[in-house]
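Within every chain, numbering begins at 1; the chains are lettered A, B, ... in the order of the sequence lines, protein sequences first and strands thereafter.
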2 protein chains.
Amino acid sequence: MTPRRARGAPQDDARPLTEPVEDYLKAIYAIEQSGEAAGTSDLATRLEIAPASVSGMVRRLADQGLVSYERYRGVRLTDAGRRAALRTIRRHRVIESYLAKALGYAWDRVHAEAERLEHAASDELVDRMAEAIGEPLTDPHGDPIPTRDGVIDETRHQRLSDLAAGQRSRVKRVSDDDGELLRYLAQIGIRPGVMVTVAERAPFDGPLSLRIGKVTVQVGPVLASRVMVELLPD
Amino acid sequence: MTPRRARGAPQDDARPLTEPVEDYLKAIYAIEQSGEAAGTSDLATRLEIAPASVSGMVRRLADQGLVSYERYRGVRLTDAGRRAALRTIRRHRVIESYLAKALGYAWDRVHAEAERLEHAASDELVDRMAEAIGEPLTDPHGDPIPTRDGVIDETRHQRLSDLAAGQRSRVKRVSDDDGELLRYLAQIGIRPGVMVTVAERAPFDGPLSLRIGKVTVQVGPVLASRVMVELLPD
DNA sequence: AACCCGATTTAGTTTATCCTAAACCGGTCC
DNA sequence: GGACCGGTTTAGGATAAACTAAATCGGGTT
């Protein structure tokens, strides 16, 4: 039973980031990764929060120096904000990896658990977990794990849905937040490291035929856009 | 990135207990263990919160059916409240045990970490942790771990400070919330399972001489009152 | 240049928790 | 039995983060 001190207590000094703040920073980071400045409604969608609520929070983040913000123009992480985001992301991904490797979690269950633990786990715990499973470089979905000093591999990969018929590729990562999707991907054998060839693809965003090992599978473009790959030379 | 929904969201249905609520229930349980109904200021002290704040919260707990409360009379856990408290306590103690056994945490560090994780860890995670380390019956400080169904060993032990000179005893548990104390106890060899004999004791709550294995140590009555033992037959 | 529409922001509320200061109760002390 | 005292409770605020509804901005249309 340790202190409490929070919500409505007259604030005095520098307290750690709150859970919502960490979630906003992660979301902003994610949006910046695949595009430019994060707009209010992108954030609202991703966080499942009303757009109006985002405006308010974003102002508070700016007050804390975590983002730069111009009304009607979207937010952008400051260096401090990016560092904080990467710290949270490291926690999340190390925890995911640990749950999978050390505790036998299925890869479609780790995300939800990590989502809660990432806010409570200390850096010491995260470091011990990372050490216990051999300092992994990526999480179970293939996302890169930032180092303790906030260095992250930001290599951009292409979507499987962007490949042309005949191209061979290796799966680098799959989106981690949809359990159903992950279960299906596991079932058809798509996971980081696996080789996938586009056998054929229908025009106008139609379904793709994929060769995974010896089997061929049909997948829709939505699913294919959730799989990031590295193109392999012919 | 999963929903948010919290603090100021118009509440709709039955949501899980909040962190403060879980902490209050644990504190009330602890006080009930070593005495009678929990008074407002006992709670305030233990939670490091102003007494006035406790009054308000306690009313809310009563509204939720977790405690029974009569103004100026203190609170008492209802069955639902006790079940909830034991669930949190199980999480806390399993996590403590896991940190110590599986991740090499020192026993004076596990409490603080568990204090935060207990609110975020799912029952599935806790069960997996317990399994991974062989379903421990007690945490590293000797406190009993409730089963999944909320059964806990409520055996009362006596304080080492209550023994008379010459009595032999086995350490059952030590209080877990003071890191300093734990480091010192570890240093002089006091931990659950160890045999301790009171060599002599000064009158008027003076210091005690303890024999632990081959060595003799002087300890003050405050320290001795934080060590719970089982008296051994002569 | 006036207009419109969707994206954003502001205004005003709600909830959960905490705080301080002031009022209050119950039980001793004379 | 009245005064006092410490433990409690009430009153009144503060904060963080959401929400809804209403106002507003910016950019493309005619």
Choose from [options] the nucleotide whose nearest atom is closest to any side-chain atom of [X].
X: B:Ser55; options: D:dT9, D:dT20, D:dA18; answer: D:dT9
X: A:Ser53; options: C:dT9, D:dC19, D:dG7; answer: D:dC19
X: B:Ala50; options: C:dT17, C:dT20, D:dA17; answer: C:dT20

- So, for A:Gly74 and A:Tyr69, which heavy atoms are closest and what is the spacing to 0.1 Å?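 So the two residues come closest at O-CD1, 3.8 Å.
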
- Message: Taking the basic N atoms (NZ, or NE/NH1/NH2) and the acidic carboxylate oxygens, is any pair closer than 4.0 Å for B:Lys26 and B:Glu22?
- Response: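 Salt bridge absent between B:Lys26 and B:Glu22.
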
- Task: Run the salt-bridge test on A:Asp127 and A:Arg90 with the 4.0 Å N-O cut-off and return the result as yes or no.
- Result: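 Yes, A:Asp127 and A:Arg90 are salt-bridged.
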
- Please tell me which of B:Thr40 and A:Ala52 maps to the more 5' nucleotide of DNA chain D, matching each residue to the nucleotide holding its nearest heavy atom.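 Its nearest nucleotide lies further toward 5', so the answer is B:Thr40.
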
- Task: Apply side-chain hydrogen bond (donor to acceptor under 3.5 Å, both in side chains) to A:Ser122 and list each qualifying residue two or more places apart in sequence or on a separate chain.
- Result: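 A:Ser122 satisfies side-chain hydrogen bond (donor to acceptor under 3.5 Å, both in side chains) with B:Glu113 once adjacent residues are dropped.
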
- Task: Give, ordered by number, those residues of residues 60-76 of chain A having at least one heavy-atom distance below 4.0 Å to an atom of DNA chain C; if nothing qualifies, reply none.
- Result: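 Contacting residues: A:Tyr69, A:Arg71, A:Tyr72.
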
Specify the separation, in whole Å, of atom [atom1] of [X] and atom [atom2] of [N].
X: A:Leu47; N: D:dC19; atom1: CG; atom2: P; value: 10 Å
X: B:Glu22; N: C:dA16; atom1: CD; atom2: C1'; value: 15 Å
X: B:Glu19; N: C:dT17; atom1: CD; atom2: C1'; value: 12 Å
X: A:Arg59; N: C:dA11; atom1: CZ; atom2: C1'; value: 12 Å
X: A:Met57; N: D:dA18; atom1: CE; atom2: C1'; value: 10 Å
X: A:Leu43; N: C:dT8; atom1: CG; atom2: C1'; value: 13 Å
X: A:Asp23; N: D:dA16; atom1: CG; atom2: P; value: 17 Å

Restricting to side-chain contact (heavy atoms from CB on, under 4.5 Å), what partner residues turn up for [X], sequence neighbours left out?
X: B:Leu231; value: B:Gln158, B:Leu163, B:Gln167
X: A:Ala224; value: A:Leu160, A:Ser161, A:Leu208, A:Val219
X: B:Ala38; value: B:Ile28, B:Ile31, B:Leu43, B:Val75

- So what is the end-to-end bend of the helix from C:dA1-D:dT30 to C:dC30-D:dG1, with 5 pairs used at each end and the value given to 10 degrees?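 Inter-axis angle at the ends, rounded: 30°.
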
- Message: I want to confirm an ordering. Mapping B:Val54 and A:Pro51 to their closest nucleotides on DNA chain C, which one lands closer to the 5' end?
- Response: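 Its nucleotide being nearer the 5' end, the pick is A:Pro51.
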
- Message: Check whether A:Asp149 reaches the backbone of A:Val151 with its side chain - one donor and one acceptor, N or O, closer than 3.5 Å.
- Response: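 Looks like no, no N/O pair under 3.5 Å.
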
